[in-house]
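A short write-up of the structure that comes next.
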Amino acid sequence: MTDDRPHLAVIGAGPAGLAATVAAAAHGVRVTLIDSAARAGGQFYRQPAIELNAGRPQALHHQWRAWERLRDALARHVEAGCVTHLTDHHVWLVERQLERQAGGADRNAFTVHALLGPEQQDPVEVRADAVLLATGGYEKVLPFPGWTVPGVLTAGGAQAMLKGTLAVPGRTAVVAGTGPLLLPVATGLAAAGVEVAALVESADPKAFARRSRALAAQPGKVAEGARYAAQLLRHRVKLLTRHTVVQAHGDDRLEAVTVAALDTDGRVRPGTARRIACDTLAVGHGIVPHTDLAETLGCRLDGTDVQVDDEQRTDVPGVWAAGETTGIGGAALSLAEGHIAGRSAAARLNGTEPDPRIWAPAAKSRTKLREFFAALDTVYAPPARWTDLVTDDTVVCRCEEVTGGAIREAVDGLGAGDVRTVKLLTRAGMGWCQGRMCGPAVAGLAGCELTPSRRPFARPVPLGVLARAGEAEADRSAAAPPDALPD
Amino acid sequence: MSKRLTCDVVIVGAGMVGAACALYAARAGLDVVIVDRGPVSGGTTGAGEGNLLVSDKEPGPELDLALLSGRLWAQLAEELGGLGELGEVIEYEAKGGLVVASTPDGLAALERFADEQRAAGVVAGPVQDGALYDLEPHLAPGLPGGVYYPQDCQVMPALAAAHLVRVSGARLLTGCTVTDVLLKTDGTVQGIRTDRGDILAPTVVNAAGTWGGEVAALAGVTLPVLPRRGFVLVTEPLPRLVRHKVYAADYVADVASDSAALQTSPVVEGTAAGPVLIGASRERVGFDREFSLPVVRALAVGATQLFPFLSDVHAMRSYLGFRPYMPDHLPAIGPDPRVPGLVHACGHEGAGIGLATGTGHLIAQLLSDKTPDLDPAPFRPDRFPEFPEEEDT
């Protein structure tokens, strides 16, 4: 069966990818939605496994109606043959080729390389005319003494556990770090029956109230904040702002954390340390955009964000991006960006110039939400002096077990001035996660900006798969380079 | 405003060659400053595998330099540095190289090549039939044999450069970009100008590797250093399943080739830290940093052909670097007669880690007016025509 509709590959089935898929599929584009999870939803709308037979999964979510609309629309498009939803597909590379057309003009062609199956060993390749990257973000966690003790998990990890498995990680929890994610994590844990002993936020959210313009533009967000505040009160969660966790205690298992107050310079105030007994610490310091696929495609980045234009196009022809990968801004912003990206891609793939008026409401909410999150960003920040807490024997890179002391030695004693050289001299960031976890910490300790490090493979790929990648393509292409193989 | 340092020698480039020059110059009693626009090991050194090879070199000046360098590396490895023996700190391993032929004809050619190398002082042992699998049990079955080179060694290049700089005691200025080579009215070197001030010294050593042509140009001379791109694949950490540096016989031909087109030949080696490194590709495409699936795929094909078990092993990452390529495959080492006081130590192509110690040693001998251990004439920096034909960049 041939299908002459243009083909868009959307990578990531979170809010941005779903919104984009639905928007593009409704406007004459065949979409392949590729995602690593077993069910659509991404981190935000993470769904409990079907076999858990959850009675009221929405109890753990807000904006449930938006999810239901997307879910139902996706199902309709799949049913109608407009969308193919590939689950459990782990994309490791997106390759762009220029195909010479009969008329002599070059045409974009993309191959999405993914790994399938529980072992992620089986290769799958999806060919498309354009790609839309909705790869989301991943959590940033900064190290402190004891953060590797079992019982310490990321805030997002705790939330994923709740949403995905309906399980609670422990009996008594402390939620700590910085950022708006801590509120739903604390209230979610409390609602699930965990005693939340404290919510430890290093920022002073009261500073946010002073940014009245961005707030006034987002009455919904104000209400959301008020709702969380009421829930914290109801569950008697102690809110400690301008505080930080200085140490987690325990050997085989977390027993307690020590928290302390911060002064205005971000230093720990002497004499304010206190111990809070807990078996779980959910800690997070914000979200970092997932940009590996975009970088390898050659997309321009602005700091750590993929740069896009008003239509959500990157500077690489045929590549759109939406959601957290273009900058952290939450689910509502991801929905707006995804919608715009999907409409733009549909129009352009069908050879027409899109009229921005068709997505005017989404563009309006995008503007407001970007302003809101820019303001949020200035408020929520790790303690300015967080590196002071990292002792020389604190493990910073968990994969390779590299300590703070080794990193300081590489910087002060050996002349490493950036994350890459620290990696070369200490192995920090060379392990399985390829520095995704320790990158921000290493940058902080090295005293340099966090710049995205180039990771040509978005995830590890078996050499046997790599050796055959795009084989069919290579055979077809006369421009394949001559290999100097053994005689 | 500008901070004026005075020293005997300022070395431009804190890569492996600059570090070795600093070490031997300092040991010759000279006061040394090293500058680099990036961090230590930030250029080609940080993108290399750390090969100290004699096996891939035909008899001639480069092989002589490699043999001298190999002896110096072995001496350095036994010295104390950092927390233990320097060799351990920089992951020095005398693991030996194994060159594998894929056909009987290929083996015959390889053995003829080894005979010539032996005459020049290389230790090369024939490896036939089963002996091949005693050395490397996981090689693909059915290979006719190869040649074993016990003098081939490896270091972790970024660590080696950083620790040699430290052991040298030279002052290291990173994040410091050279903007000019300062000359006196008589045309001799006066020092360098950087974005952080002038550094005055009667001798400037150009150890800027692939960017050595740019430093030469600041002094008003041409040095035809061109980038020759190479990709390396890195696997997940493994137990020691690949014991030596193992490569296919056609690697030697690729190294010696003048072609700008892509060449790949499988080079596979385990490392002290566990990951297996897979090379080697060569292509002259300027400073293009774009990832290339065709190149990396060719590396994976070659490696899995040599070691079939690698098919199920994960590639964790891939990186690329730019070898400093010279038209005749020999580095530029020694004083530049066109600008008295300017000394070059760059253009080692893919052999810079291995050849660094010999290069540094020769530079120190030349700077302190000693008779050099090797005749430096073949490495003369002014051996190229002043206006070379435009190369593909």
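Lettering follows sequence order; numbering is per chain, from 1.
The structure places CG of A/Leu93 at 5.5 Å from CZ of B/Phe291, a figure rounded to the nearest 0.5 Å. To the nearest 0.5 Å, atom CG of residue A/Leu463 and atom CZ of residue B/Phe309 are 9.5 Å apart.
Contact check on A/Glu95 versus B/Arg297 returns no salt bridge, with no Lys/Arg side-chain nitrogen under 4.0 Å from an Asp/Glu carboxylate oxygen.
A/Asp418 is listed as a side-chain neighbour of B/Pro39, based on a closest heavy-atom distance under 4.5 Å.
When all heavy atoms of A/Leu425 and B/Ala158 are compared, the closest pair comes out as CD2-O, 3.2 Å. When all heavy atoms of A/Pro462 and B/Ser311 are compared, the closest pair comes out as CB-O, 3.6 Å. Here the closest heavy-atom approach between residue B/Pro275 and residue A/Arg427 is recorded as CG-NH2, 3.6 Å. Pairing each heavy atom of B/Ser41 with each of A/Arg420, the nearest pair is O-NH1, 4.1 Å. When all heavy atoms of A/Leu414 and B/His163 are compared, the closest pair comes out as CD1-NE2, 3.7 Å. Minimum interatomic distance between B/Met316 and A/Gly431 (heavy atoms only, all atoms of both residues): CE-O, 3.4 Å.
Comparing B/Thr235, B/Val296, B/Val165, B/Ile278 by how many heavy-atom pairs each has under 4.5 Å with chain A, the most go to B/Val296. Among B/Thr304, B/Leu172, B/Leu293, B/Val100, the residue with the largest count of heavy-atom pairs under 4.5 Å with chain A is B/Leu293. Per-residue heavy-atom pair counts under 4.5 Å with chain B were compared for A/Gly298, A/Ala410, A/Gly413, and the maximum is reached by A/Gly413. Chain B forms more heavy-atom pairs under 4.5 Å with one residue of A/Val461, A/Thr421, A/Thr296, A/Thr426 than with any other, namely A/Val461. Heavy-atom pairs under 4.5 Å with chain A peak, among B/Asp312, B/Thr174, B/Leu310, at B/Leu310.
Of the atoms belonging to B/Ala160, not a single heavy atom falls under 4.5 Å from chain A. Only the side chain of B/Leu233 comes within contact range of chain A, judged by heavy atoms closer than 4.5 Å. Interface remark: A/Glu295 contributes no atoms to any contact with chain B (heavy atom separation under 4.5 Å). With a threshold of 4.5 angstrom between heavy atoms, B/Pro308 does not approach chain A through any atom at all.
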May I have the step-by-step check of side-chain contact (heavy atoms from CB on, under 4.5 Å) for A/Gln434 and B/Arg317, ending in yes or no?
CA-CA 8 Å; A/Gln434 290 290 292; B/Arg317 63 180 169 276; 3.0 Å; yes

Check the pair B/His314, A/Trp432 against side-chain contact (heavy atoms from CB on, under 4.5 Å), reporting the backbone distance first and the verdict last.
CA-CA 10 Å; B/His314 286 88; A/Trp432 196 255; 4.0 Å; yes

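For CZ of A/Arg107, the number of neighbouring non-hydrogen atoms (other residues, nucleotides, ligands) closer than 6.0 Å is greater than 12.
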